[in-house]
Amino acid sequence: MDFGTTTLAFSAGAAALAASVKKLTTRLQLSKAKHWSLSGHARLARRMAALVPFYAYDESQFFRADDAPEEVAARRHAGFMRLAEQYRTRFAETLRRTGEVADGLSDLQFTEAYRVPFQFSRLVRQHLRAGAFVQSSDGTTLTDLDGNRFYDLTGSYGVNLFGYDFYKDCMERGHRLVRDLGPVLGPYHPVIADNVRRLREISGLDEVSFHMSGTEAVMQAVRLARYHTRRSHLVRFVGAYHGWWGDVMPGVGNPIRAHETYTLKDMSEDSLRVLRTRRDIACVLVNPLQALHPNASAPADSALVDSARNAHFDRTAYAEWLKSLRQVCSERGIVLIFDEVFVGFRLAVGGAQEYFGVRADMVTYGKTLGGGFPVGVLCGRKDLMRRFRDDRPVDVCFARGTFNSHPYVMAAMHEFLGHLDTPAVRAIYRNLDDIWDARAARLNGRLREAGLPVRVANLSSIWTVLYTQPSRYNWMLQYYLRAEGLALSWIGTGRLIFSHNYTDADFDNVADRFVAAAARMQEDGWWWLDPATTNRSIRRKILREMIAHRVPFGGGQGKR
Ligand SMILES: Cc1ncc(COP(=O)(O)O)c(C=O)c1O
């Protein structure tokens, strides 16, 4: 080899090494930006989920999962059976109809199976079935088929912002507005023009597209971001829900791997570093609801195996985080998408953009915006919303949907948006946080005074229940709350959603019932505590049980 060849070989080697080091550094940065929890490792989480065996506690284990003394277990048993009797008599017709339909309704089977940690679910489903039917809504209440009235804390998954009567009006007035056109699809009813105008104003963005659900609006946002940036990957933050489409749900729940999704740590400099260095990122999705519990999934009672649930909202810190994200996305040509399907219109008329003082490139809305009907909306910058290229006529970004812009949905949306302009509603928004923060503080004060190991944390009118001492039975609270006339969604105490028509008097009634339910649960012994118990010791014990049930002949206790 002469000198020239040697130099060439050396340079090529050095370049290859530099490229490998760069690749390795980028890979390491990505690993560093992953959250330590399983939710931060989608692939591992899916594999682990496939390993967890089903087993159910028998009656004696059910009441002594924490090795409580016999006397405590007996109190729990008596309380459980008393509740079961109450459910059986008070909710008789509702439960009968639920039982009739459950066998053929897969959605219901799923929600019924995931109300409590699975070890407890068999006995709970046998004795404390939650009724799936209601016959009417009124003010802040729902009435079941037996005539029982419940304060509604489900918020209809966040749809119910102004009270059910308001949406009934939107639907009825909207119906009158478009009934001459009926269900015609394709051509628009003129009412749509006003919706487009208002949505452009509210979002501060140039264009609008209509879809049938929040999931679809998010799909379209991501597809357009990929089309325009010509990059493949989306970034989502740990725990954030963006609908059930595969790419935004890369872990448990999706049977196949999402290859083009990065799940990064929320509120972390490590994640900003990844955004600054990688070239394959088309967009970043932000669900501002995560401000209440960054890096944690929606808090469902089925996962309430101990008391580690945590939540705390810091508006300033989250606004700072969004500002940093905004800056990096602008620098790197990454599309910043706020997914406001849940929080849109709840925090401010201008949604999270207004509330946190940060502008996104695209915003998705849904839920309440349909005025009671199903909807998804995408608002975006003109250059990002275009579905074709002037210089490449066949290279389009396709999106359709038979029921997009359905006249009835558009008309109810028109009524909803019109309502936002009224002085009374503007006034509601002015001191919204003060009202809800004060209510949360009041309830926490009462819980503290009563010596109950329960607290609430809130992001405005979206609340979650926290537990202050280690326990295996916190999920039982949802059944005591129902018995006191509080309606919860299937995820239980993880998410209480208030509508903004709750008066102080309504709220005080809810607070009375909440405290009464927790006090009953305490009397019945569920929060008995062995001082040696910690959340970690609880999780270790459950892990040991799971391992024992994976071993052949390990005493697996059959089917659900
Ligand atoms: C933030 C967010 N994005 C998207 C969705 C999906 O909306 P939909 O259920 O209408 O498909 C939801 C639903 O809860 C949501 O909360």
Side-chain angles (χ1 to χ4, degrees), residues 39 107 110-111 114 154-161 167 203 209-225 234-251 253-254 258 261 263 266 283-300 311 318 322 336-347 351-353 355-356 360 362-380 399 401-406 409 412-413 416 459-464 488-492 494-497:
S39 310
D107 228 4
F110 181 74
T111 51
Y114 288 93
T154 74
S156 284
Y157 302 117
V159 169
N160 186 16
L161 180 54
Y167 296 89
S203 66
S209 66
F210 294 109
H211 306 273
M212 291 163 291
S213 66
T215 299
E216 282 173 276
V218 171
M219 283 168 74
Q220 172 65 347
V222 173
R223 178 173 278 193
L224 282 166
L234 72 88
V235 163
R236 66 184 275 275
F237 294 106
V238 176
Y241 184 66
H242 296 287
W244 61 280
W245 163 53
D247 281 17
V248 292
M249 194 184 244
N254 180 355
T261 302
T263 299
D266 217 341
C283 59
V284 174
L285 274 167
V286 172
N287 177 355
L289 176 60
Q290 292 301 112
L292 182 58
H293 42 69
N295 293 308
S297 305
Y318 199 72
L322 293 183
L336 180 60
I337 305 168
F338 279 8
D339 178 1
E340 299 206 32
V341 169
F342 197 113
V343 298
F345 305 100
R346 193 167 275 274
L347 304 178
Q353 290 193 101
Y355 187 78
F356 292 109
M362 289 180 147
V363 180
T364 54
Y365 302 104
K367 294 198 191 261
T368 193
L369 176 57
F373 283 119
V375 82
V377 167
L378 173 62
C379 298
T402 302
F403 287 100
N404 292 356
S405 312
H406 189 289
V409 179
M413 182 188 292
F416 175 87
L459 163 60
S460 194
S461 50
I462 307 167
W463 292 27
T464 188
L488 307 180
S489 74
W490 67 282
I491 66 170
R495 186 83 82 227
L496 313 182
I497 305 170

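Note that this is a predicted model, so its numbers are computed, not measured. We count residues from 1, following the sequence as given. Values below: every heavy atom of this structure, side chains too, minus hydrogens, waters and symmetry copies. Indexing begins at 1, ligand by ligand and atom by atom, following the structure's order.
Using a heavy-atom distance under 4.0 Å as the criterion, the protein contacts of ligand 1 are Ser213, Gly214, Thr215, Tyr241, His242, Gly243, Asn287, Asp339, Val341, Phe342, Lys367.
Other residues, nucleotides and ligands contribute more than 12 heavy atoms inside 6.0 Å of the OH atom of Tyr241.
Side-chain N or O atoms of Thr464 include one that pairs as donor or acceptor with a backbone N or O of Gly494 at under 3.5 Å. A donor-acceptor pair is defined here as one N or O able to donate and one able to accept, closer than 3.5 Å; such a pair exists between the side chain of Asn254 and the backbone of Gly246. Between the side chain of Gln220 and the backbone N or O of Ala399, no donor-acceptor pair lies under 3.5 Å.
Take Thr368 and apply the side-chain hydrogen bond (donor to acceptor under 3.5 Å, both in side chains) test, not counting sequence neighbours, and it matches Tyr167.
Below 30°, between 30° and 60°, or above 60°: for Tyr365 and Phe345 the angle between ring planes is between 30° and 60°, a tilted geometry.
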